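Here is how names work: the chains are called A, B, and so on, in the same order as the sequence lines, proteins then strands, and each is numbered from 1. The shown structure was predicted, so the numbers you read here are calculated from the model rather than taken from an experiment.
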Amino acid sequence: MNEILAKSHFSEKVVKLVVKSPAIAKARKPGHFVIVRCVDNGERIPLTIADSDPVEGVITLVVQDVGASTHMICGLEPGDCLTDVVGPLGRATKIDKVGTVVCCGGGVGVAPLLPIIKAMKEAGNRVVSVLAARNKDLIILQDEVARWSDEVVIMTDDGSAGKKGLVTNGVEDVILREQVDEVVTIGPAIMMKFVALLTKKYNVPTICSLNTIMVDGTGMCGACRVTVDGRMRFVCVDGPEFDAHKVDFDEMLMRMRAYNQK
Amino acid sequence: MTMNEKDIASRDAAWRVELRNEMSAKERSLIPRVKMPMLDAAYRVSCNDEVNQGLSEEQAVTEATRCLDCPDPQCVTGCPVGINIPGFIKNIQRKAFGDAATVFMSTSSLPAVCGRVCPQEKQCESRCIYNKMRKPAVAIGYLERFAADTRRMAGIKLEVEKAEPKGVKVAVAGSGPAGLSFAGDMAKRGYEVTVFEALHEIGGVLKYGIPEFRLPNEVVDAELDSLRELGVEFCKDTVIGKTLSYDDLLNQGFRGLFVASGAGLPKFMGIPGENLIGVMSSNEYLTRINLMGAGRGGMTPVAQGRRVAVVGGGNTAMDSVRTARRMGAERAMIIYRRSEAEMPARAEEIEHAKQEGVEFLTLCNPIEYKGDEQGHVTSILLQRMELGEPGPDGRRSPVPVEGAVEQIDVDEVIVSVGVSPNPLIPNSIEGLDVTRRGTIEVNDNLQSSLPMVFAGGDIVRGGATVILAMGDGRRAAESMDKYLSATL
């Protein structure tokens, strides 16, 4: 169960795992996530599904080493098994033909963005993907994104690849030059906050995918609660995707620091 | 029923008549009610050991002797699963402990659990004839626990009657009390039962919710083993409606589904500051500690406050506040908007909490939480309340005392004001009728709008007790068996 069949590194801290999980591979849709545990007594870690192959019965997870649990997961090798993989959880992305869609991803957020890019393209949209990272080495999945995008814009903080600047600069350039009908943004909360502020200015409908703290991930504990449009919503069952213009990102950023001192 | 079972359960069995004639009712009624041996409060807040230590054999036999073995026992009518109470009690009196367990195993799949967590004072014990005599009821719960524990610890095999295998597969969504009792009953009826659980542990609320100081995990695990012996299969990490759809279940040959997915999303009060760091639901707090082992060797973190306020007056609130004491809180407080008399928690839990140094701030309602610049909760604004007229539920409803607001310092708040039904299954099975509250709509036989789908426990009731959930499991098993027998 949950055997790791293949592993590769995007960078020192970002790992791609291909995991045997036939039921999830069959059931998952873009936007879904899984909860993973890698050891008895381990934490339940939410991870978005980057890809799946229902025929082979495998799912692809992209994991960034940011703490004790993700460090352990990144240390697993082919042949090892994850203790638990449960999903697919959350609501699937609403995919419609709307015209031109800008998909912007930061850091490992590009991994869950990839299946959405693919689905948006297959639905007949023009897809412009904007990928951003601190430097060239941290840009992931560029080729895969390019395969399903009409155009790919790379933004780096230091200019080591693509254009120098923030993801918002890249998105704004596209909005200024052509009609954009929808923006999808996945990445660090602070990035999504600024993308939302930008697209609100231009009145472009924007979907974000939130990665809050979770415990069970199945609609029980309420750790993942966020305020959307003044209402309490739960990322695990109401999300993970929400109207980015209505999310209280400041509160979410505060809540994500809950266990920082540890 | 076999002769053997009849012998051990029947009021007319020769041994039982003899026991009745041994002593007059007057003499029996002079025996004082047994006191449950328990751990010292100062010791128990330092660990997670079970508070109630269980009766000794001598205590149990004496308590069983108190039972008058009424010809028309009202205690049975007070039990949501209709356990043959005098039947098992008299077996305890004659020291046939295995037989005692066999008697209630025919009606209850989880006796060691019921004996610990049922509100007996509101059910069986409230109907005991002794109440009419102005004497304390027979300690039915303690005796149930005694027989179940004795059976388990002595390793006595139960002779449970099991029907011929029918070769019919049925699925259960959720491994809490409703799902387990359904699974046990269906297995006894000859069905092939698979219980699917979303979490990584089997047991539902018995594992993630109720703390070990009230219900040790080994007790739950033993009950699960009994179900496995009956042939019940368990499948963890599987969310029905997500990992496997209803159609997947049909394709895999399942002919019926019992949805027992339990309580879900925690309720909050909608007051300012409720999303500050350190404010969390009792579900989150208890799940982190009980299921994930936070603060006890697990990798999952949990805030360990020094001044912890728990908002609510139910059993979950008591579980949370007593857990907080065990996690090192110097000040652990219950904040409840009515008076103690209206608290829904069991009297025993309130009593135990007080012994453990929990403070009760009754007739107080939080109206706002305040935090520091990092967003950590630092204090609560409490509105003083007084009791007004009785509301529709008969409880006097609390009304604010104008101007009476005080502020108390806290560093952790646990909100325990109820839950809504888990939305996962209602949202993901097409054609399943759901009420406005989000519970699954069922008829008197617990059958949903989809004839093959039955439901029970909190997903139907919204929020109830372990025993009511178990009662639903039994009823649903009976209904589904009838339905399947008629249609297959």
**Request:** Please confirm whether the backbone N or O of A/Gly90 pairs with a side-chain atom of B/Lys242, one donor and one acceptor, at under 3.5 Å?
**Result:** yes
**Item:** Residue pair A/Arg91 / B/Asn427, side-chain heavy-atom distance below 4.5 Å
**Value:** yes
**Request:** Enter the distance from B/Thr300:OG1 to A/Asn41:CG here, rounded to the nearest 0.5 Å.
**Result:** 8.0 Å
**Asked** Does any heavy atom of chain B fall under 4.5 Å from the side chain of A/Met256, the backbone, both, or neither of them?
**Response** neither
**Prompt:** How many angstroms lie between CG in B/Leu265 and CG in A/Asp238, if you round to the nearest 0.5 Å?
**Reply:** 7.0 Å
**Request:** Could you have a look at A/Glu251, A/Arg44, A/His32 and say which one has the most heavy-atom pairs with chain B under 4.5 angstrom?
**Result:** A/Arg44
**Item:** Contact class of A/Val34 relative to chain B, heavy atoms under 4.5 angstrom
**Value:** neither
**Item:** Residues, nucleotides or ligands: over 12 heavy atoms within 6.0 Å of A/Lys29 NZ
**Value:** no
**Prompt:** Are A/Met1 and B/Asp237 close enough that some pair of their side-chain heavy atoms sits under 4.5 Å apart?
**Reply:** no
**Item:** Spacing of B/Met299 atom CE and A/Arg37 atom CZ [to the nearest 0.5 Å]
**Value:** 10.5 Å
**Item:** A/Lys26 atom NZ, over 12 foreign heavy atoms within 6.0 Å
**Value:** no
**Per-residue contact mode, A/Met254 against chain B (heavy atom under 4.5 angstrom)** = both
**Fill in**
Here the pair of heavy atoms bringing B/Glu284 nearest to A/Val215 is CG-CG2, 4.3 Å
**Crowding at CZ, B/Arg228 (>12 non-hydrogen neighbours, <6.0 Å)** = yes
**Message:** For a quick test of reading the model, state the closest non-hydrogen atom pair linking A/Val86 to B/Thr238 and the distance between them.
**Reply:** CG2-N, 4.3 Å
**Message:** Tell me if the NZ atom of A/Lys246 is crowded by more than 12 foreign heavy atoms within 6.0 Å.
**Reply:** no
**Message:** What part of B/Val279 gets within 4.5 angstrom of chain A, counting heavy atoms only: side chain, backbone, both, or neither?
**Reply:** both
**Asked** Around B/Glu233, counting heavy atoms of other residues, nucleotides and ligands shown, do more than 12 lie under 6.0 Å from its CD?
**Response** no
**Complete:** In this structure, SG of A/Cys221 is separated from OH of B/Tyr285 (nearest 0.5 Å) by 14.5 Å
**Item:** Partner chain B: residue of A/Gly87, A/Gly67, A/Ala27 with the largest heavy-atom pair count (under 4.5 Å)
**Value:** A/Gly87
**Request:** Nearest 0.5 Å please: distance from the OG1 atom of B/Thr243 over to the CG atom of A/Leu89.
**Result:** 7.0 Å
**Item:** Separation of A/Ile213 CD1 from B/Met280 CE (nearest 0.5 Å)
**Value:** 10.5 Å
**Asked** Stepwise, does the side-chain hydrogen bond (donor to acceptor under 3.5 Å, both in side chains) test hold for A/Arg225 with B/Asn275?
**Response** CA-CA 8 Å; A/Arg225 63 191 189 274; B/Asn275 288 345; 2.7 Å; yes
**Complete:** Tightest non-hydrogen contact, residues A/Phe234 and B/Pro266, listed as CZ-O, 3.9 Å
**Request:** Mark yes when over 12 heavy atoms from residues, nucleotides or ligands other than A/Glu77 sit less than 6.0 Å from its CD; otherwise mark no.
**Result:** yes
**For chain A, the option from B/Gly375, B/Ala263, B/Gly262, B/Gly264 that forms the most heavy-atom pairs under 4.5 Å** = B/Gly264
**Item:** Nearest heavy-atom neighbours spanning B/Arg288 and A/Ala223
**Value:** NH2-CB, 4.4 Å
**Request:** Begin with the C-alpha distance, continue with both residues' side-chain angles, and end with the deciding distance and a verdict on side chain to side chain contact (heavy atoms under 4.5 Å, CB included) for A/Ile35 and B/His200.
**Result:** CA-CA 10 Å; A/Ile35 293 264; B/His200 58 267; over 6 Å; no
**Expected output: side-chain B/Asn283 to main-chain A/Met220 donor-acceptor under 3.5 Å** = yes
**Item:** Selection from A/Pro88, A/Gly222, A/Ser69 maximising heavy-atom pairs under 4.5 Å formed with chain B
**Value:** A/Pro88
